[in-house]
Each structure stands twice: as C-alpha cells, then as structure tokens.
Visitor: 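Below: one structure in structure tokens.
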Amino acid sequence: MNTLIVVLGPTGIGKSDISIQLARKYSTDIISADSRQFFRELSIGTAVPPKTDLESVCHHFIQTRSIHDYYNVSEYETDAIDRINHLFKIKNPVILTGGSMMYIDTICKGIDDIPTVTPEIRDEVIGWYEDNGLEALQQRLLSLDPEYYSIVDLNNPKRLLHAVEICQMTGKTFTSFRKNTVRERPFRIIKIGINQNRELLYQRINYRVEQMMEAGLLDEARSVYPFKSLNSLNTVGYKELFSYFDGDITLDEAVDLVRRNSRKYARKQLTWFRRDKDIHWFEPTQIQEIIAFIEQELNEHDKLENH
RNA sequence: GGGGAGAUACCAAAGUGGCCAACUGGGGCAGACUGUAACUCUGCUGGCGUACGCCUUCGUAGGUUCGAAUCCUGCUCUCCCCA
C-alpha cells in the first residue's frame with residue numbers, strides 16, 4: 001500500500017525544510033496544503049520555499065492560482081487527491097506539507113459534498129445580511145434549517161451566512177448535506193507534527209517576519225494593495241501592511257501586528273492539531289528521529305501486508 | 001526655585017465613598033470549527049478553590065469613616081508650564 005507522509009505544524013516552525021529533506025530521501029514530490037501558497041501573486045509573505053528548493057524537489061499546488069480566483073477546500077480535495085493518486089503510480093511515499101488545518105483534514109478524511117455557492121446567491125445573502133443584521137440572519141436560518149440553528153455558533157456570521165446560502169440555493173437544509181462521513185483513502189497516512197517550546201516558536205516567528213521585511217514584503221504587499229478586499233488577501237502579513245498604506249497605523253505598528261497575528265495563527269493551528277491523536281510530534285531539529293520513525297512505520301506496514 | 005497635572009492589574013485606560021477583584025480595549029492562555037478557514041466565532045485572564053466562598057490588591061506611609069481605588073496629610077516618582 002502507498003503511503004502519504006503528512007508534515008504539519010504551526011507557521012514558521014520549519015515544515016518546508018523537513019519536507020524537502022524527506023522528499024530528497026525518498027525521491028518524491030511534495031503536495032502543498034497551504035491555503036495561501038496557492039497564489040502566484042504572493043510569495044514572500046506566504047513563505048513560499050526559495051527557487052532552488054522548488055527546482056530540486058517537485059512541488060504541487062504552489063502558486064498555481066491567482067488571488068482573483070475562487071478556490072475552496074472541496075475543489076482542493078478533488079485536485080489534490082487526483083494528483084496524489086497519480087503520483088503513487090510512480091512514487092511512494094508522497095509528502096503532503098502545510099499548515100492549513102482544514103485542508104490537511106480534507107485530504108486525510110475527506111469532506112461532505114456540499115454544492116458550491118454561486119456568486120449571485122452569495123451576493124444576495126450577504127447584501128441581505130448587511131441590510132438586516134445578525135439577528136435577522138439568525139431568524140432566517142431558524143426558519144430554513146432549525147436543526148443547524150440549534151447547533152451553530154449563532155454569533156458567527158460566516159457560519160450562519162454559508163448555511164443560509166446553501167439552504168437558499170438548494171431548497172434543502174444545510175443539515176441534509178452534513179453527513180460527516182469519513183472517506184477511506186486507498187493509501188496509508190503517517191502524520192508527522194513539528195513543534196517546539198512556545199517561546200522558541202515565537203522567537204522563530206518574530207525572526208521570520210524580520211526576514212520577510214528584509215526580503216521585500218512591503219513591496220509585495222503594495223503590489224496587491226489595490227485588491228485588498230479580496231478574501232485571498234485577508235492574510236497575515238498583508239492585511240496589516242494594508243492598514244499602514246491606508247494611513248491608519250505606522251509601519252512599525254504594522255510590522256509588530258504581523259508578528260502578533262502570526263503568533264496567534266500559530267496558536268490556532270496548535271489548538272486544531274491538538275485534538276488529532278494520530279499526529280506524532282517531533283522538534284524541528286529531530287530530522288534523524290523523524291526518518292527513523294517513518295522507516296519503522298513503513299517496515300511494520302510491509303510486514304503486516306506480507307502476512 | 002515657583003505653579004499645575006498625574007501615579008489603577010502584563011500594557012493602555014475607566015472608575016472619584018458602599019452595587020469594585022475593579023468597565024473597556026490590547027496582549028496572553030484555552031476552545032470551537034464541513035467550502036474564500038492565515039477566515040470567523042467563544043470562554044478565561046490577582047491568588048487559592050469544582051463551587052457558595054476565602055485571602056491579598058489601585059505609587060508609598062499614616063489618618064478620617066460602619067465602610068476608601070475613591071476623602072485628608074506626609075513621602076517618593078513622572079509629566080507640563082513659568083523661572
């Protein structure tokens with residue numbers, strides 16, 4: 001059976017380096033599970049690996065789309081699973097790496113089939129919400145899908161909005177699509193988590209922000225500033241600099257915010273990963289241990305299969 | 001040297017006799033998460049305790065009062081204006 005090695009962890013921990021080393025060792029490719037590295041207009045602020053790395057190891061789903069494109073987890077699931085299965089014909093293991101929690105889970109477990117909301121419906125519902133407010137939105141959901149209403153976080157407009165959109169568009173309840181089924185994958189998954197002591201992680205993050213600024217993040221952000229309202233640009237490292245361009249804060253304040261929001265994001269990632277008991281955790285320096293662990297897992301697996 | 005303003009929890013900042021362990025924001029910590037998810041949302045944040053609660057806090061030392069972060073006095077420090 002083929003194996004997908006998933007390398008995950010908080011932002012800035014050094015996942016890319018480790019994945020590249022693993023990819024070299026196993027002469028294989030890397031599939032990105034990073035919801036911001038998809039965009040070709042962004043590279044410094046999203047920490048896309050340097051050109052030399054991209055050339056030495058084949059990466060998939062990095063900078064393949066535009067910030068103007070609509071893309072979502074479901075499409076990613078289809079695309080990435082196709083690519084992984086395709087790669088398995090000639091390579092094994094394959095490596096998946098990234099920090100976008102939901103994207104990783106989608107590859108590992110799948111996600112329910114829910115129709116993609118059309119722009120018309122989206123505009124209609126959002127416009128309606130802006131005119132009528134949160135309470136009205138809650139009531140609208142209550143009448144469309146009381147079951148979901150009883151379990152959603154009623155203060156979370158994004159969740160409410162999407163449920164209403166789906167109900168509106170399909171004429172069915174949002175609940176009816178939420179099967180919560182886990183898709184069995186025809187390959188084995190080994191999850192490697194990279195993390196370290198919180199203080200060191202924060203130091204790493206702070207340092208990386210420094211490096212990004214030196215590498216020209218300010219110019220990169222300025223180049224996409226005209227499109228700042230795009231969702232793809234509601235991204236740490238850019239939105240803060242947009243506030244600076246807007247004249248709302250100083251550059252120093254903006255950079256400080258980038259650091260803080262990066263730390264927050266890292267914490268959020270860890271919260272998500274914490275409940276996944278399948279992850280085997282290592283420190284960024286433990287590349288030897290990681291390889292040893294993978295070897296052991298692969299061997300055990302072969303034995304099981306031969307029996 | 002003279003005059004004025006102020007010192008509140010990690011930071012900022014309300015509170016100006018009891019409803020104050022102290023509004024609010026930030027930060028920090030924890031959590032949720034089914035399609036634009038690096039999004040969006042929630043809880044906690046003096047100490048001890050699961051909890052009713054108990055203990056120690058509002059520069060500092062005293063005082064007034066049944067009761068003080070709030071009133072009075074001394075001291076220390078900070079800022080502003082005049083010299």
Side-chain angles (χ1 to χ4, degrees), chain A residues 8-12 15 32-39 42 45-48 65-80 98-119 121-123 125-126 129 134 137-138 145 148 151-163 165-166 169-170 173-183 198-199 202 205 208-209 212 227 229-241 249 253 256-276:
Chain A
L8 54 83
T11 188
K15 297 183 290 292
S32 169
D34 188 311
S35 71
R36 298 294 128 137
Q37 288 183 359
F38 295 149
F39 304 117
L42 313 179
T46 55
V48 165
R65 309 204 146 244
S66 164
I67 52 173
H68 302 280
D69 296 338
Y70 174 88
Y71 199 52
N72 64 46
V73 233
S74 182
E75 288 176 53
Y76 172 75
E77 179 191 19
T78 309
D79 296 345
S100 302
M101 305 82 88
M102 200 174 174
Y103 285 69
I104 294 170
D105 281 359
T106 293
I107 298 299
C108 298
K109 304 187 305 200
I111 192 165
D112 289 329
D113 290 315
I114 299 172
T116 294
V117 177
T118 61
I121 293 283
R122 175 140 297 175
D123 290 348
V125 176
I126 287 179
Y129 164 59
L134 185 64
L137 185 66
Q138 294 167 345
D145 187 349
Y148 190 62
I151 58 163
V152 248
D153 178 354
L154 292 170
N155 289 317
N156 191 330
K158 289 249 169 160
R159 302 281 133 82
L160 261 32
L161 243 15
H162 186 242
E165 285 166 353
I166 295 296
M169 200 176 83
T170 63
T173 62
F174 182 56
T175 303
S176 67
F177 294 99
R178 287 165 45 89
K179 303 268 193 285
N180 223 299
T181 44
V182 176
R183 269 200 257 283
R198 187 68 57 96
E199 202 179 324
Y202 285 179
I205 289 171
R208 192 169 74 161
V209 171
M212 284 177 176
F227 318 112
S229 58
L230 292 172
N231 177 75
S232 51
L233 293 175
N234 186 180
T235 298
V236 177
Y238 298 88
K239 57 182 172 188
E240 299 85 356
L241 292 175
I249 54 177
E253 286 168 338
D256 205 55
L257 264 182
V258 174
R259 280 190 277 264
R260 252 187 269 160
N261 288 336
S262 299
R263 280 182 259 139
K264 274 192 186 176
Y265 177 50
R267 257 180 271 143
K268 208 159 34 175
Q269 290 172 302
L270 289 168
T271 298
W272 184 293
F273 294 140
R274 216 166 282 150
R275 66 177 173 187
D276 186 343

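Chain letters run A, B, ... following the sequence lines, proteins first, then strands; residues in each count from 1.
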Visitor: Within this structure, what is the NZ-to-C1' distance between Lys158(A) and A32(B), rounded to whole angstrom?
Guide: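 Whole-Å distance recorded here is 16 Å.
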
Visitor: Under the 6.0 Å and 45° cation-pi test, does Arg263(A) pair with Tyr202(A)?
Guide: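 Yes, a cation-pi geometry.
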
Visitor: Would you kindly check whether a donor in the side chain of Arg159(A) faces an acceptor in the base of C39(B), or vice versa, at under 3.5 angstrom?
Guide: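 Indeed there is one.
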
Visitor: Would you mind telling me which residue lines up with the more 5' stretch of RNA chain B, Leu257(A) or Asn72(A), judged by nearest nucleotide?
Guide: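 By nearest-heavy-atom nucleotide position, the 5'-most residue is Leu257(A).
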
Visitor: How would you label the contact of Asp256(A) with the nucleic acid (heavy atoms, under 4.0 Å): base, sugar-phosphate, or nothing?
Guide: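 Nothing, no heavy atom under 4.0 Å.
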
Visitor: With a cut-off of under 6.0 Å to the ring centre and 45° to the axis, is Arg275(A) in cation-pi contact with Trp272(A)?
Guide: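 Verdict for Trp272(A): a cation-pi partner in Arg275(A).
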
Visitor: Side-chain contact test, heavy atoms from C-beta onward, threshold under 4.5 Å: evaluate it for Leu8(A) versus Phe273(A) and give yes or no.
Guide: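 With C-beta onward as the side chain, the pair touches.
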
Visitor: Looking across every strand, which nucleic acid part, if any, lies under 4.0 Å from Gly237(A) by heavy atom: base, sugar-phosphate, or nothing?
Guide: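 Gly237(A): no heavy atom of the nucleic acid under 4.0 Å.
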
Visitor: What's the CG-P distance between Asn234(A) and C39(B), to the nearest Å?
Guide: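 That distance rounds to 6 Å.
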
Visitor: I want to check one thing: is the phosphate of U34(B), taken as OP1 and OP2, less than 4.0 Å away from some side-chain N or O of Arg183(A)?
Guide: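 False: Arg183(A) side-chain N/O out of range (4.0 Å or more) of U34(B) OP1/OP2.
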
Visitor: Take the protein atom CZ of Arg260(A) and the nucleotide atom C1' of G25(B), then report the distance between them rounded to whole Å.
Guide: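 Going from Arg260(A) (CZ) to G25(B) (C1'), I get 12 Å.
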
Visitor: Asn261(A) near the nucleic acid: base, sugar-phosphate alone, or nothing, with a heavy-atom cut-off under 4.0 Å?
Guide: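 No contact.
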
Visitor: Taking syn as a glycosidic torsion within 90° of 0 and anything else as anti, which one is G35(B)?
Guide: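 It is syn.
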
Visitor: Using a heavy-atom cut-off of under 4.0 Å over every strand shown, decide if Thr46(A) touches base, sugar-phosphate, or nothing.
Guide: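 Base contact - Thr46(A) has a heavy atom under 4.0 Å of at least one base atom.
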
Visitor: Just checking Tyr71(A): base, sugar-phosphate only, or nothing, at a heavy-atom cut-off of under 4.0 Å?
Guide: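 Since only primed, P, OP1 and OP2 atoms lie under 4.0 Å of Tyr71(A), the category is sugar-phosphate.
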
Visitor: Just compare C41(B), G28(B), U34(B) and give me whichever is closest to any side-chain atom of Tyr148(A).
Guide: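 Nearest nucleotide to the side chain: U34(B).
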
Visitor: How would you label the contact of Tyr202(A) with the nucleic acid (heavy atoms, under 4.0 Å): base, sugar-phosphate, or nothing?
Guide: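 Result for Tyr202(A) = sugar-phosphate.
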
Visitor: Under 4.0 Å, heavy atoms only, any strand: does Asn155(A) hit a base, just the sugar-phosphate, or nothing?
Guide: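 It contacts sugar-phosphate atoms only.
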
Visitor: Let's see if you can work this out: which of U34(B), C29(B), A37(B) has an atom nearest to the side-chain heavy atoms of Trp272(A)?
Guide: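 Comparing U34(B), C29(B), A37(B) against the side chain of Trp272(A), the answer is A37(B).
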
Visitor: So if I take every side-chain heavy atom of Arg36(A) and compare against G35(B), A37(B), G28(B), which nucleotide ends up nearest?
Guide: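 From the listed options, A37(B) comes nearest.
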
Visitor: In this structure, which one of Arg208(A), Arg36(A), Gln269(A) forms a side chain to side chain donor-acceptor pair (under 3.5 Å) with Thr11(A)?
Guide: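 Single side chain to side chain donor-acceptor pair (under 3.5 Å) partner of Thr11(A) among Arg208(A), Arg36(A), Gln269(A): Arg208(A).
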
Visitor: Apply salt bridge (Lys or Arg N to Asp or Glu O under 4.0 Å) to Arg260(A) and list each qualifying residue two or more places apart in sequence or on a separate chain.
Guide: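 Here the qualifying residues are Asp256(A).
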
Visitor: Check the distance between A37(B)'s P and Glu75(A)'s CD and give it to me in whole angstrom.
Guide: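 Taking atom P of A37(B) as the reference, CD of Glu75(A) is at 10 Å.
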
Visitor: Among the candidates G35(B), C39(B), A32(B), find the nucleotide nearest to the side-chain atoms of Arg275(A).
Guide: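 Nucleotide nearest to Arg275(A)'s side chain: A32(B).
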
Visitor: Using atom types as modelled and distance alone, determine if a side-chain donor or acceptor of Lys179(A) lies under 3.5 Å from a backbone N or O of Asp112(A).
Guide: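 Not at all, since once roles are kept as given, no pair shorter than 3.5 Å links the two residues.
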
Visitor: Quick check for you: among G31(B), G28(B), G35(B), whose closest atom lies nearest to any side-chain atom of Arg274(A)?
Guide: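 Nearest to the side-chain atoms of Arg274(A), counting from C-beta on, is G31(B).
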
Visitor: Whole angstrom is fine here: how far is it from CG in Leu160(A) over to C1' in C39(B)?
Guide: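 It is 15 Å, rounded to the nearest whole Å.
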
Visitor: Tell me: CZ of Arg122(A) to C1' of U40(B), nearest whole Å?
Guide: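 Between C1' of U40(B) and CZ of Arg122(A): 13 Å.
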
Visitor: Counting heavy atoms from C-beta on, name the nucleotide in A32(B), G28(B), A37(B) closest to the side chain of Tyr103(A).
Guide: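 Nearest listed nucleotide: A37(B).
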
Visitor: Quick one: is Thr271(A) getting a side-chain N or O under 4.0 Å of the G31(B) phosphate, OP1 or OP2?
Guide: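 Checking Thr271(A) against G31(B): at least one side-chain N or O falls below 4.0 Å of OP1 or OP2.
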
Visitor: Could you check whether Asp105(A) gets within reach of a base, just the sugar-phosphate, or nothing at all, counting any heavy atom under 4.0 Å?
Guide: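 Result for Asp105(A) = nothing.
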
Visitor: Hey, does the side chain of Asp34(A) reach the backbone of Gly99(A) with a donor-acceptor pair shorter than 3.5 angstrom?
Guide: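 No, the answer is negative, given that no donor and acceptor are paired below the 3.5 Å cut-off.
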
Visitor: When you get a sec, tell me which of C39(B), U34(B), C29(B) is the closest nucleotide to the side chain of Arg267(A)?
Guide: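 Of C39(B), U34(B), C29(B), C29(B) is nearest to the side chain of Arg267(A).
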
Visitor: Can you tell me the distance, in whole Å, between the NZ atom of Lys264(A) and the P atom of G27(B)?
Guide: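 Lys264(A) atom NZ is separated from G27(B) atom P by 4 Å.
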
Visitor: Which class fits the ring pair Phe227(A) and His68(A): parallel under 30°, tilted 30 to 60°, perpendicular over 60°?
Guide: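 Answer is perpendicular, since the angle exceeds 60°.
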
Visitor: In this structure, is the centre-to-centre distance between the rings of Phe38(A) and Tyr103(A) below 6.0 Å?
Guide: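 Distance test on ring centres: under 6.0 Å, yes.
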
Visitor: Is Lys239(A) near enough to C39(B) that one of its side-chain N or O atoms lies under 4.0 angstrom from OP1 or OP2?
Guide: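 Yes, such a contact exists.
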
Visitor: In terms of the nearest nucleotide of RNA chain B, which residue is placed more toward the 5' end: Val236(A) or Thr116(A)?
Guide: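 Closer to the 5' end of RNA chain B: Thr116(A).
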
Visitor: Could you check whether Phe174(A) gets within reach of a base, just the sugar-phosphate, or nothing at all, counting any heavy atom under 4.0 Å?
Guide: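 Result for Phe174(A) = sugar-phosphate.
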
Visitor: Rounded to whole Å, please give me the gap between CD1 in Ile67(A) and P in C39(B).
Guide: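 Nearest whole value for this atom pair: 17 Å.
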
Visitor: Dot-bracket for RNA chain B, please. Rules: Watson-Crick or G-U, both distances under 3.5 Å, ( ) within the strand, [ ] when a pair crosses earlier ones, | for another strand, . otherwise.
Guide: ((((((((.[[[..)..(.....]]]((((((.......))))))(((....)))...[[[[[..)....]]]]]))))))).

Visitor: For the side chain of Asn156(A), starting at C-beta, report the closest nucleotide among U40(B), G27(B), U34(B).
Guide: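 It is U40(B).
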
Visitor: Look at the aromatic rings of Tyr76(A) and Tyr71(A) and report parallel, tilted or perpendicular, splitting at 30° and 60°.
Guide: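 Judged by the thresholds at 30° and 60°, the geometry between Tyr76(A) and Tyr71(A) is perpendicular.
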
